[in-house]
Amino acid sequence: MAKAIVYLNQFFGQIGGEEVADHEPEIRNEKVGAAMLYDQLLDGEVTHTIICGDNFMGSNEEQAVDRILGFLKDKEFDIFFAGPAFQAGRYGIACGAIGKAVKEEFDVSVISSMNEENPGVKMYKKDIYIFPGGKSAAKMRDDVTKMVEFGNKILSGEKLLPAEQEGFFKRGIRHQYFLEDETPAYERAIDMLLKKINGEDFVSELPIPEIDTVEIADPIKDLSKATIALVTSGGIVPIDNPDKIQSASATRWGKYYIADVDKLKNRREESFKTIHAGYDPKAADADPNRVVPVDAMRKYEQEGKIGSLYEYFYSTVGTGTSQDEAARMGKEITQELIENNIQAVIETST
Amino acid sequence: MANLIPIAKTVGANRMVPTISIPYPLGDPSTSEEEQWKLRYHRVGVALNALTTDINEQTVFDVEV
Amino acid sequence: MKLELGNFYVKDIEFGSETAFNDGILTINKEEALEVVYKDEHITEADLKIVKPGDMVRLVPVKEAIEPRYRKGGGPVFPGVTGSLLQAGDGRTLALKDMSVLVVGKHWGGYQDGLIDMGGEGAKYTYFSKLKNVVLVADTDEEFEKQEQQKKNHALRWAGMRLSEYLGKTLKDQEPEEVESYQLDPVTKRSDEVNSLPNVVMVMQPQSQMEDPGYNDLNYGWDTNPMLPTFMHPNEVLDGAMISGSFMPCSSKWSTYDFQNFPLIKRLYQEHGETINFLGVIMSNLNVVMEQKERAAQFVAQLAKSLGTDAALVAEEGYGNSDADYIACLVALEDAGVKTVGVSNEAPGRDGGSQPLVTLDPKANALVSTGNVSELIKLPPMDTVIGELESLARDGLAGGWEDDEILGSSVKEDGSVIMENNSMFCGDQIAGWSTKTMKEF
Amino acid sequence: MDLENQQRVKDLTEKHGKENLVVILGGAEAEASGLACETVTNGDPTFAGPLAGVQLGLACYHILEPKIKDEVDPEVYDEQVSMMEMVLDVDEIIDEVSTYREKYSQFS
């Protein structure tokens with residue numbers, strides 16, 4: 001039988017109201033409060049209830065999450081429910097924070113419910129399933145019912161429908177989908193075009209998402225003392241591609257020693273080449289410095305413009321590589337660079 | 001350093017220096033070795049200067065060669 | 001210009017003593033047909049097979065699909081490619097419908113090649129599983145590219161075109177069952193009634209991102225890479241002026257069959273004189289240099305403006321950096337006051353969580369999306385494989401891999417496969433057939 | 001129904017027995033009255049209070065219901081309730097409360 005664990009705050013965990021919002025996380029081997037309702041509706045059993053004060057989670061999130069993950073380590077469970085949090089902001093954020101952590105640590109589905117006004121929706125809808133819920137606890141049964149019906153569907157292995165049909169907030173996760181009515185793209189395109197011409201409403205199949213912004217790094221004060229690294233998504237690797245970096249949809253990266261190199265030698269000299277499948281490799285194979293400008297960096301090093309060029313360059317392949325993978329690889333490379341006291345990076349892309 | 005500045009902008013790069021193409025960002029094989037070197041040396045230099053420049057929004061740095 | 005497409009519906013295809021089309025049955029003299037294939041000395045081995053919808057057959061690596069046709073009067077079906085130049089899109093061309101010629105590598109595949117399942121659950125991913133197909137499966141001595149991921153596939157693609165012309169010739173003296181007529185008056189000489197309707201162009205961005213010759217789509221035999229956007233009559237596209245190239249992950253591609261039947265163009269024709277005034281096609285391209293992308297977009301917008309365009313459909317044969325061309329074109333048109341709708345696939349990654357196009361602009365507010373290039377697809381083994389199954393994993397097909405820590409090889413010992421949608425043969429059907437879209441999950 | 005009142009009802013039930021208790025509601029609003037009735041019959045629907053998951057099945061009426069009104073001294077009723085009776089949506093309140101009573105009450 002499927003096993004579920006439910007997360008509640010101090011109020012719904014029947015500890016009390018605002019005065020006990022500092023309540024430390026605990027896990028109980030029983031169904032407390034709404035956990036009873038979950039248990040009634042679930043095709044399975046709620047085995048434990050986790051209770052944590054909203055303020056405790058709010059002001060010690062890392063500690064709270066760690067402790068709760070610790071509670072769960074030796075528990076078997078197939079699904080995790082958090083909330084519903086209605087319009088309670090701190091509770092919503094707590095449900096999101098713990099839900100995200102549980103999903104990442106244990107790879108189980110996590111389902112929550114919040115009112116659309118709850119700030120937890122915006123913060124965590126990408127990370128866990130959040131269903132739109134009522135404003136107050138009067139909607140407890142309705143909200144939990146929606147959550148559990150969806151949970152039952154996941155547990156049964158039934159194929160999940162798009163977000164708009166299942167009802168949870170869109171998570172920014174897009175998959176291809178065969179239309180039931182088989183309307184071909186040419187009909188959809190003409191329909192959209194005529195509506196646009198006539199000033200009628202239409203729905204784009206690819207709504208433009210918000211553009212990411214990144215905090216701007218401070219400028220380097222003294223370049224002549226800085227060690228600078230080269231990083232590329234252009235797929236330049238030693239001729240035998242020792243790290244087996246994929247030619248497209250890469251999940252791996254490599255670092256290659258260049259401390260003794262004035263300029264990168266090419267494919268014919270059996271040194272470096274590109275394994276990137278998204279562009280014509282001829283020019284990069286003939287002179288890899290066109291993609292990873294080791295030669296120019298050495299010149300600036302000799303001239304004293306920069307302190308030094310870092311002894312490794314880092315490489316992966318950009319084509320078809322998902323943003324998540326790229327971000328992960330970027331973080332891993334950054335970690336190494338920081339550990340080695342690198343002040344700046346020139347990233348070349350193709 | 002990227003040729004497709006709109007992509008660099010979209011993914012949130014802050015200091016950007018344009019390169020000349022996708023398959024050969026820093027050296028057009030149809031030009032002489034000298035010209036290629038000049039271009040590469042110049043643009044890498046622009047990138048290095050960009051690292052020392054204080055900016056408050058996404059910035060594309062001008063290149064001359 | 002007036003194009004008449006004379007249709008002959010193929011009910012069945014079989015081998016026989018004589019190559020002929022009678023009462024819906026296409027009979028092929030295999031030996032004679034193979035002689036046409038072997039005219040190119042680079043073809044070292046060749047065979048023909050017949051596959052039909054529902055057959056439990058997997059084809060891989062598929063390189064091209066072509067509709068067999070015959071040009072009345074005898075000129076080349078693909079002017080500038082299979083014969084000398086002549087004006088396409090004016091006159092009568094006869095076509096064998098409900099079938100195609102598929103070209104499959106006997107051994108070697110590449111980045112741009114794809115897979116077709118004629119039956120089973122994989123069939124829904126390609127248009128060509130709905131057709132009866134004559135399959136040319138062949139090998140060549142093009143040693144220089146045997147080990148290359150990017151292949152021009154020249155000998156095989158041209159053999160496919162010769163074979164399709166050879167089959168089309170069976171229609172030479174026959175009267176078609178049905179004639180589709182495509183006619184547009186000159187842009188400046190249309191009736192008041194038509195002129196009062198919103199003016200619409202179709203903007204096509206065929207694949208042209210290889211700077212070396214031999215890989216790109218051809219326009220009357222001319223490489224589309226060094227081409228600037230130009231105004232074309234839609235009939236030219238439907239009548240063999242454009243052929244498919246040999247670059248780009250396969251699900252994003254337009255085969256030559258797609259050009260010959262381009263559904264978006266045919267659908268615009270249906271609206272012409274009813275709800276729109278269909279001005280014609282602006283043939284653009286896709287580029288690798290930022291300046292070229294901007295230049296092409298600028299040319300498209302200028303042509304559209306000069307033609308008095310009110311609205312445009314833009315379709316992109318590709319993804320990745322070419323999304324920059326696609327978005328640039330949509331934005332340039334919107335900035336010129338042209339209302340645009342775009343058609344393309346997208347690439348949010350296997351998990352669906354990445355940015356769908358590499359560049360984004362809020363002005364691109366009306367997009368039709370036909371699939372996720374990276375969607376993982378698992379397919380069971382098939383009774384028969386035409387070509388070489390191993391090529392999916394071994395030869396760098398865009399949607400296949402030899403080794404993955406978690407997924408292993410794309411090709412399993414039992415003959416089942418796991419692949420990315422990238423290698424479904426023309427699977428995203430951006431020409432307009434796609435019944436796939438993208439949804440949030 | 002707030003947590004203290006839930007605890008009170010729970011305590012009184014333990015002291016006197018379910019069959020000896022009638023809950024009279026005085027809420028001014030239909031939904032809240034319905035929720036209160038549900039709480040003392042089927043358990044706290046918000047699952048927040050002591051009656052979460054506790055099905056007491058008590059008899060429960062609203063003070064505006066004729067059956068209760070008839071039991072009260074008309075003068076007292078006039079003084080205490082009639083003003084509100086005029087401004088409240090009596091039908092809706094009675095409807096809501098009786099729905100839950102009919103569904104979950106074990107006594108009447």
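Source: prediction; values computed, not measured. Within every chain, numbering begins at 1; the chains are lettered A, B, ... in the order of the sequence lines, protein sequences first and strands thereafter.
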Inset, instruction - Go through the atoms of A/I197 and report whether side chain, backbone, both or neither lie under 4.5 Å from a heavy atom of chain C. - result: both
Inset, instruction - Check each atom of C/Q209 against the heavy atoms of chain A and say whether the ones under 4.5 Å are side chain, backbone, both or neither. - result: neither
Legend entry - Part of C/V358 within contact of chain A (heavy atom distance under 4.5 Å): neither
Legend entry - chain A contact via C/A347 - side chain, backbone, both or neither, heavy atoms under 4.5 Å: neither
Inset, instruction - Could you tell me the separation between the CG atom of A/N198 and the OG1 atom of C/T275, rounded to the nearest 0.5 Å? - result: 8.0 Å
Legend entry - Which of A/E182, A/R188, A/E164, A/K170 touches chain C most, by non-hydrogen pairs under 4.5 Å: A/R188
Legend entry - Counterpart residues, side chain to side chain donor-acceptor pair (under 3.5 Å), relative to C/D258 (two or more places apart): C/S255
Inset, instruction - Counting only heavy atoms closer than 4.5 Å, note whether A/F168 contacts chain C via side chain, backbone, both or neither. - result: side chain
Inset, instruction - Please state whether the side chain, the backbone, both or neither of A/K195 comes within less than 4.5 Å of a heavy atom of chain C. - result: neither
Inset, instruction - Could you look at C/P198 and say if it's the side chain, the backbone, both or neither that has a heavy atom under 4.5 Å from chain A? - result: side chain
Inset, instruction - Residue by residue, scan residues 433-441 of chain C and write down, ordered by number, those that have a heavy-atom distance under 4.5 Å to chain A; if none do, write 'none'. - result: C/W433, C/S434, C/T435, C/K436, C/T437, C/M438, C/K439, C/E440, C/F441
Inset, instruction - Rounded to the nearest 0.5 Å, what's the gap from CD on C/E211 to CG on A/D280? Could you check? - result: 7.0 Å
Legend entry - Euclidean distance, C/R350 CZ relative to A/T321 OG1, rounded to 0.5 Å: 10.0 Å
Legend entry - Contact origin within C/A315 toward chain A - heavy atom pairs under 4.5 Å: neither
Inset, instruction - Find out whether A/S204 and C/N365 are in side-chain contact, i.e. whether some heavy atom of one side chain is under 4.5 Å from a heavy atom of the other. - result: no
Legend entry - Segment of A/F202 engaging chain C (4.5 angstrom heavy-atom cut-off): side chain
Legend entry - Residue among C/D310, C/N321, C/T340 with most heavy-atom pairs under 4.5 Å to chain A: C/T340
Legend entry - CA sep, side-chain torsions, deciding dist, call: C/E334, A/K196, salt bridge (Lys or Arg N to Asp or Glu O under 4.0 Å): CA-CA 12 Å; C/E334 288 283 341; A/K196 196 165 178 180; 2.6 Å; yes
Inset, instruction - Enumerate the residue pairs fulfilling salt bridge (Lys or Arg N to Asp or Glu O under 4.0 Å) with a member in residues 239-251 of chain A, sequence neighbours excluded, ordered by first and then second residue. - result: none
Inset, instruction - Output the distance between atom CG (C/D351) and atom CD (A/Q323), rounded to the nearest 0.5 Å. - result: 9.5 Å
Inset, instruction - Measure the spacing between OH of A/Y186 and OG1 of C/T370 and express it to the nearest 0.5 Å. - result: 14.5 Å
Legend entry - Straight-line distance of A/Q176 CD to C/M424 CE, nearest 0.5 Å: 9.0 Å
Legend entry - Per-residue contact mode, A/T183 against chain C (heavy atom under 4.5 angstrom): backbone
Inset, instruction - Sort by residue number and list every member of residues 400-409 of chain C having a non-hydrogen atom under 4.5 Å from chain A. - result: C/D403, C/E405
Legend entry - C/K124 NZ/CZ over A/F178 ring centroid, <6.0 Å and within 45° of normal: yes
Inset, instruction - Between chain A and each of C/V200, C/V373, C/D361, count heavy-atom pairs under 4.5 Å; write down the option with the most. - result: C/D361
